[in-house]
2 protein chains.
Amino acid sequence: MKITARQQEIIDFLQSEHRQTGIMPSTREIQEHFGFASQTAAVSHLKALEKKGIITRLEGKARGLRFTDTLAREPIIDIPIYGAIPAGYGDDTTPESEGCLSVDVNSMGVSASAKTYALRVRGDSMINAHIMDGDHVVIEQKEPRNHDVVAALIDGETTLKRYVKDSKKCFLRAENPNYPDLIPAQELMIQGVMVGLVRGSNGGW
Amino acid sequence: MKITARQQEIIDFLQSEHRQTGIMPSTREIQEHFGFASQTAAVSHLKALEKKGIITRLEGKARGLRFTDTLAREPIIDIPIYGAIPAGYGDDTTPESEGCLSVDVNSMGVSASAKTYALRVRGDSMINAHIMDGDHVVIEQKEPRNHDVVAALIDGETTLKRYVKDSKKCFLRAENPNYPDLIPAQELMIQGVMVGLVRGSNGGW
DNA sequence: GGGAACACTGTCATTTTTATCAGGATATGA
DNA sequence: TCATATCCTGATAAAAATGACAGTGTTCCC
């Protein structure tokens, strides 16, 4: 089953309309766009596309169109990006967001229900964990396990550290020899565990 | 302007319907779901939500509803993930995709029109560029500039290397002392330039 | 106590949209 | 050559959906 040139034009139109307006075009709008004298032309094209599995139609519903693979795509979560997390975080107050990072749950490996946020990394204290200045790390609010990378609140600023647990105590360690090692974890507030990282060409690397 | 409990219920319904069906519910469907005796109740709720800026309505259009912030979110591009890229790539043949990486254009910094694909990194030949085994790197098909990280085809396998240009020649260099340095670039096919990186908790790090 | 937003009922006109029936013309593969 | 798919016209019925008008209470704030 191949898609004909005309059918591809229809698909492109559906896609661009949906991107721009947020809703699918009606058969009449398709008709007008292509200059069909009859609205039936649009209908039969949609039928053909449905038969080929490109679109799914919900019968009896206005604009009841959907790209079949759109639902197949993993759901996308919007992760808010915070530059720095204020001290009182967690107590209902929503810190200022510097933007949004939208990724599908599959490629990041976080569940959609998890409480996550992203942090813009400043400095190179975690360079040996291959986390660079300008990277965005995705933090999930949960209990850290040994050797997890965690976001911790130190002196009012959030920094990334390696969480290390020996037989007795818990420590936080920077992954850079230039930074002081081993900070007792008891005195600190651990805000979450790193579960992902996004590096972009605009992220300065 | 606060959202009332009832209005939040409406929002939740719109959202869940849109997720499930791909299209927005009509006023009648809202009416039926909440058990309103009158369809006007649904209409006035939508008006209230529009006034508060939650949704945008396209008047005179069936199911002409959209969450205002959905369009504010940067458009999302679907980047196909390839494990290994066959030799003849570029000649119309679409290599097998191992899945999809969906990211908004802003956080990655790639334009939606650019030809991009993602590659799962194997090995640690670029560890000093802080690219780890299991990472997904986003490759854009364009001409490399000096010191760009590029995807190159060597012996039928795609590998990442640093592109270095001195006064006379172009070389490819691994970012790991254990790997052989300096491969003449002329003999190789450079497939694209790294523009982004995604590391997930399922990506083994 | 008055005004305003909220959360509805009930009715009705109008527009928007789907859907189907009956064709015509032109390809393309068995 | 016959069947089948493509890509259309033209007309018409029916359904889906919006939109507007006139009300009824309630709550909350000034």
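A, B, ... follow the sequence lines: proteins, then strands. Residue 1 opens every chain.
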Would you say a side-chain N or O of [X] is under 4.0 Å from OP1 or OP2 of [N]?
{"X": "Arg63(A)", "N": "dT18(C)", "result": "no"}
{"X": "Lys52(B)", "N": "dC6(C)", "result": "yes"}
{"X": "His45(B)", "N": "dA7(C)", "result": "yes"}
{"X": "Lys47(A)", "N": "dT6(D)", "result": "no"}
{"X": "Thr4(A)", "N": "dC7(D)", "result": "yes"}
{"X": "Gln39(A)", "N": "dT16(C)", "result": "no"}

Please report, rounded to the nearest Å, how far the [atom2] atom of [N] is from the [atom1] atom of [X].
{"X": "Glu9(B)", "N": "dC8(C)", "atom1": "CD", "atom2": "C1'", "answer": "14 Å"}
{"X": "Lys51(B)", "N": "dA4(C)", "atom1": "NZ", "atom2": "P", "answer": "11 Å"}
{"X": "Glu50(B)", "N": "dC6(C)", "atom1": "CD", "atom2": "C1'", "answer": "17 Å"}
{"X": "Ile3(A)", "N": "dA5(D)", "atom1": "CD1", "atom2": "C1'", "answer": "15 Å"}
{"X": "Phe36(B)", "N": "dA7(C)", "atom1": "CZ", "atom2": "C1'", "answer": "8 Å"}
{"X": "Ile10(B)", "N": "dA7(C)", "atom1": "CD1", "atom2": "C1'", "answer": "10 Å"}
{"X": "Glu29(B)", "N": "dA16(D)", "atom1": "CD", "atom2": "C1'", "answer": "9 Å"}
{"X": "Arg57(B)", "N": "dA20(D)", "atom1": "CZ", "atom2": "C1'", "answer": "12 Å"}

Five-pair end axes of the helix from dG1(C)-dC30(D) to dA30(C)-dT1(D), angle between them (10°): 40°
5'-most by nearest nucleotide on DNA chain C - Arg6(B) or Gly60(B): Arg6(B)
Side-chain heavy atoms of [X] within contact of [Y], under 4.5 Å:
{"X": "Leu14(B)", "Y": "Ile55(B)", "value": "yes"}
{"X": "Asn176(A)", "Y": "Tyr179(A)", "value": "yes"}
{"X": "Leu160(A)", "Y": "Ile139(A)", "value": "yes"}

Which is true for [X] with a 4.0 Å heavy-atom rule: it touches a base, it touches only sugar-phosphate, or it touches nothing?
{"X": "Thr27(B)", "result": "base"}
{"X": "Arg28(A)", "result": "base"}
{"X": "Ala41(A)", "result": "base"}

5' priority, DNA chain D, between Ala62(A) and Ala37(A) [closest heavy atom]: Ala37(A)
Donor-acceptor pair (no angle test) under 3.5 Å: [X] side chain, [N] base:
{"X": "Ser38(A)", "N": "dA11(D)", "value": "no"}
{"X": "Thr40(B)", "N": "dA20(D)", "value": "yes"}
{"X": "Glu59(A)", "N": "dA19(C)", "value": "no"}

Ring-ring centroid check Phe171(A) Tyr163(A), cutoff 6.0 Å: no
Geometric class of the Phe13(A)/Phe34(A) ring pair [parallel <30°, tilted 30-60°, perpendicular >60°]: perpendicular
Test salt bridge (Lys or Arg N to Asp or Glu O under 4.0 Å) applied to Glu17(A) and Arg63(A), step by step: CA-CA 12 Å; Glu17(A) 278 295 296; Arg63(A) 299 169 193 272; over 6 Å; no
Working for salt bridge (Lys or Arg N to Asp or Glu O under 4.0 Å), residues Lys161(B) and Glu175(B): CA-CA 7 Å; Lys161(B) 290 281 176 290; Glu175(B) 289 279 7; over 6 Å; no
Glu9(B)/Arg6(B) ion pair, N-O < 4.0 Å: yes
